[in-house]
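Below is one structure, written out as structure tokens, with a few remarks after it.
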Amino acid sequence: MNRAIAPKIWIIAPEDNVGTVVGNEAPARTIVPLIGAVSGSIELQSPIPHGHKVALKQLPIGTEVVKYGVVIGRLVRPVGAGEHVHTHNLESLRGRGDTVNAQGD
Amino acid sequence: MTLTAFRRADGRVGIRNYLAVIAATDAANPVVRRIAAAVPSAVAITPLYGRGQLGEDLALSVRTMIGLGSNPNVYGTLVVSLETVAGSRVAEGIAAKATRCALMGIQEEGGTPKLFEKAVAVLREWKREADALKRSPIALSELVVGLECGGSDTTSGLVANPAIGLLTDRIIDEGGTAIFSEPVECLGGEAALVARTPDKAVQEKIRATVRKYEEIAFRAGVDLNKTNPAPDNIRGGLTTIEEKSLGSISKAGTRLIAGVIGYGEAPPRPGLYLMDAPAPATENITALGAGGTHLILFGTGVGNSIGCPVSPTVKICGNPLTCETFAEHIDLDLSDVITEGRSLSAAGEAVNAAASAVINGEITRCEALGEVEVAISRIGESV
């Protein structure tokens with residue numbers, strides 16, 4: 001983005017445990033304000049690109065990640081508050097033909 | 001804003017007077033492209049295959065071609081096929097819907113150069129007739145609006161799709177019709193959709209239609225998430241199909257879901273419908289256009305350039321970077337929701353204004369650039 005847009009973390013539903021960084025990529029150690037369903041701020045532990053998710057609190061392995069107030073997957077690695085949440089630590093629970101047999105059980 | 005359109009003899013309305021040229025068998029694709037390029041307002045519809053198909057697969061292809069050729073935005077349709085028997089099953093279906101229709105066979109016309117000359121003469125005559133038609137006021141309730149998203153990212157679910165959803169609610173409240181599709185992008189959001197109808201049969205149909213796509217991944221023994229979210233979605237921050245779904249379904253608003261319809265089928269009554277069709281954009285908007293959509297509201301995040309040849313496709317984007325770097329493909333820039341904190345309800349008003357302008361004749365980016373294509377699903381093997 002040519003324009004400088006201060007990064008913010010957009011929270012969709014109050015029960016969400018991740019938020020979405022909007023605006024310019026936020027470097028690590030930046031304190032970024034929360035907007036939307038929750039107010040406050042969080043210190044990022046890693047640089048997070050525009051549109052990517054950040055953990056709002058410490059989340060142990062196996063935690064169900066909630067966005068839109070709905071489960072969007074489960075953590076396969078523990079994540080600290082302010083850390084990037086994406087394909088390296090979050091897996092889908094649906095359409096997993098790799099782990100579920102053809103009867104869907 | 002007053003909405004205007006062309007009133008057809010059977011009472012339907014069209015927001016364009018396209019001349020459609022359909023290749024009912026793929027040998028006709030090259031000449032169909034040349035014919036459409038020779039006449040302004042003509043659009044080429046060149047699916048592949050058309051021979052050696054049978055059963056449900058053939059029925060789906062023919063139904064979709066008929067739906068595209070008889071879309072209310074089409075003034076007249078020329079069907080071209082290698083021989084006229086294959087083309088006639090399409091042409092007869094279009095003529096039955098009261099759209100002007102002609103049929104030509106490459107063999108019967110003695111080859112493509114002769115067919116080209118004859119076809120262009122027919123289309124020029126239709127164009128003369130169509131150019132004399134005048135728009136008259138219509139009600140929003142007379143329109144069928146398709147809902148699509150493609151090239152999605154996390155802004156799609158934060159901005160473009162929820163803003164589209166506000167117009168979807170208005171359309172339904174005014175007695176109009178909207179179709180959302182892409183059932184694979186309802187995985188994880190079924191509970192919210194099922195809660196939007198008290199009708200147990202519709203609830204089960206929604207569940208079964210969504211489950212069908214999850215079972216495709218089960219049968220293949222693969223992780224659906226390796227295909228959807230697609231690489232561009234993942235680059236845009238979407239991680240799982242559930243996350244993508246929850247953003248995707250927000251374009252369908254919040255109102256009662258009236259039913260589930262099959263690929264390329266027209267809604268039986270006004271209201272909001274889920275159409276059973278695969279999610280890839282070209283394949284999906286082909287099905288929507290065949291279902292009679294007058295226009296398609298298309299939310300995008302990282303950008304998707306494609307539109308439907310018979311249903312003006314309005315690209316709506318909330319990603320500030322895409323609106324800057326992909327501007328030639330974006331009809332409505334909603335990125336100020338992110339950059340300026342503009343409200344979603346204001347963004348919804350902007351979607352309404354943009355849709356109204358397109359209904360009234362404003363040319364979309366897809367129309368201006370010629371970024372229109374069809375892809376009809378194949379559900380069986382050729383023989």
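Letters A, B, ... are given to chains in the order of the sequence lines, protein chains preceding strands, and every chain is numbered from 1.
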Checking B:Ile234 against A:His86 for the side chain to side chain contact (heavy atoms under 4.5 Å, CB included) test, could you report, in this order, the C-alpha distance in whole Å, the side-chain angles of both residues, the deciding distance, and whether it holds?
CA-CA 8 Å; B:Ile234 291 171; A:His86 202 18; 3.5 Å; yes
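The distance from the CZ atom of A:Arg94 to the CD1 atom of B:Ile241 is 9.5 Å, given to the nearest 0.5 Å. Atom CD of B:Glu340 and atom CD1 of A:Ile5 lie 8.0 Å apart (nearest 0.5 Å). One finds the CZ atom of B:Phe218 at 9.5 Å from the CG atom of A:Asp98 (value rounded to the nearest 0.5 Å). Atom-to-atom distance recorded for B:Asp223:CG and A:Glu91:CD is 7.0 Å, nearest 0.5 angstrom. Note that NZ of A:Lys53 is 6.5 Å distant from CG of B:Leu238, once rounded to the nearest 0.5 Å.
Contact check for B:Glu242 versus A:Val71: no side-chain heavy atoms found under the 4.5 Å cut-off.
For A:Ile12, the part sitting under 4.5 Å from any heavy atom of chain B is the side chain, from C-beta outward, and nothing else. Using a 4.5 Å cut-off between heavy atoms, A:Thr20 touches chain B through its side chain atoms alone. Heavy-atom distances place no part of A:Ile35 under 4.5 Å from chain B, backbone and side chain included. At a 4.5 Å heavy-atom cutoff, B:Ser245 makes no contact with chain A through either its backbone or its side chain. Only the side chain of B:Val159 comes within less than 4.5 Å of a heavy atom in chain A; its backbone stays farther off. With a threshold of 4.5 angstrom between heavy atoms, A:Val21 does not approach chain B through any atom at all. Residue contact with chain A, scored on non-hydrogen atoms closer than 4.5 Å, is absent for B:Arg211.
The heavy-atom pair separating A:Trp10 from B:Val337 by the smallest distance is CH2-CG1, 3.8 Å. Contact detail for B:Ala217 and A:Gly95: the closest heavy-atom pair is CB-O, 3.5 Å.
In terms of heavy-atom pairs under 4.5 angstrom with chain B, the leader among A:Leu93, A:Ile48, A:Val85, A:Ile72 is A:Ile72.
Although no hydrogens or angles enter the test, the distance criterion places no donor-acceptor pair under 3.5 Å between the side chain of A:His50 and the main chain of B:Gly236.
With A:Ser92 as reference, B:Asn225 is the one residue of B:Thr240, B:Asn225, B:Asn228 to meet the side-chain hydrogen bond (donor to acceptor under 3.5 Å, both in side chains) rule. Looking at B:Thr154, B:Thr239, B:Leu246 one by one, the single match for side-chain contact (heavy atoms from CB on, under 4.5 Å) with A:Lys67 turns out to be B:Thr154.
Around CD of A:Gln58, the count of heavy atoms belonging to other residues, nucleotides or ligands within 6.0 Å does not exceed 12.
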